[in-house]
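As a basis for the values below, the full set of heavy atoms in this structure was taken, side chains included, without hydrogen atoms, waters or symmetry mates.
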Amino acid sequence: AAMKDAADNSDWNFSNKFRLLQAEHLSLNKRHDTFMYDESIESARKSGFIHEQGLACEKAGLYCKDVLNMEKALEYLNQARECYEKWGSDIKVAFIQKELDALKG
């Protein structure tokens, strides 16, 4: 409830975080589409939070991998890598690259 209140009162700062939490909650049953991840990604992009955009892309990619949608997993993980590259996080880029290599393998 606190995160939803924060998102309602400061959409630009908290909306992407709230949507990512919703997506992760929905992913527990592995029966949803990626729409909440997409909303989180777009909200983070609009707010200029490149690292949080990368995180949402990463989590969406890993979710797609878990539900065996490899094409979408590659798409999201490539987006995550690009975000992390722009952010300057070599460690996250390396992690995502390992995931991509394993999927392409």
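In this structure, the separation between CD1 on Ile96 and CD on Glu82 is 11.5 Å, given to the nearest 0.5 Å. For the atom pair NZ of Lys72 and CG of Asp33, the computed distance is 7.0 Å after rounding to the nearest 0.5 Å. Atom OG of Ser47 sits about 9.5 Å away from atom CD of Glu42, to the nearest 0.5 Å. Taken to the nearest 0.5 Å, the CD atom of Glu52 stands 4.5 Å off from the CG atom of Asn16. Expressed to the nearest 0.5 Å, how far CE of Met36 lies from CG of Leu20 amounts to 11.0 Å. Rounding to the nearest 0.5 Å gives a distance of 7.5 Å between CD of Gln79 and CD of Gln53.
Tyr84 is connected to Leu103 through a chain of hydrophobic side-chain contacts under 4.5 Å among Ile, Leu, Val, Met, Phe, Trp and Tyr, so both are in one cluster. Both Leu77 and Val67 belong to a common hydrophobic cluster when Ile, Leu, Val, Met, Phe, Trp and Tyr are linked at side-chain heavy-atom distances under 4.5 angstrom. Side-chain heavy atoms closer than 4.5 Å link hydrophobic residues (I, L, V, M, F, W, Y) into clusters, and following such links, even through other members, never connects Ile41 to Leu26. A single hydrophobic cluster is not seen to contain both Tyr76 and Phe95; linkage of ILVMFWY side chains at heavy-atom distances under 4.5 Å, directly or through other members, places them apart. By the rule that hydrophobic residues join a cluster once side-chain heavy atoms approach within less than 4.5 Å of another member, Val93 and Leu74 end up as members of one cluster.
With sequence neighbours excluded, no residue satisfies ring pair (Phe, Tyr, Trp, His ring centres under 6.0 Å) with His25. In this structure Tyr63 satisfies the ring pair (Phe, Tyr, Trp, His ring centres under 6.0 Å) test together with His32, Tyr37, sequence neighbours excluded.
Scanning both residues, Gly54 and Ala80, for their nearest heavy atoms gives O-CB, 3.6 Å.
Counting only heavy atoms from C-beta outward, the side chains of Trp87 and Leu55 never approach each other to under 4.5 Å.
By the 6.0 Å contact criterion, CG on Leu28 is enclosed, its count of non-hydrogen atoms from other residues, nucleotides or ligands being greater than 12.
Checked by atom type and distance alone, the side chain of Ser43 never pairs as donor or acceptor with a backbone atom of Ser40 at under 3.5 Å.
Sorted by first and then second residue, the salt bridge (charged side-chain N to carboxylate O under 4.0 Å, His left out) pairs involving residues 95-105 (not counting sequence neighbours) are Lys65-Glu99.
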Legend entry - Test log, rule side-chain contact (heavy atoms from CB on, under 4.5 Å), inputs Glu58 and Lys92: CA-CA 10 Å; Glu58 176 184 348; Lys92 290 301 287 183; 2.9 Å; yes
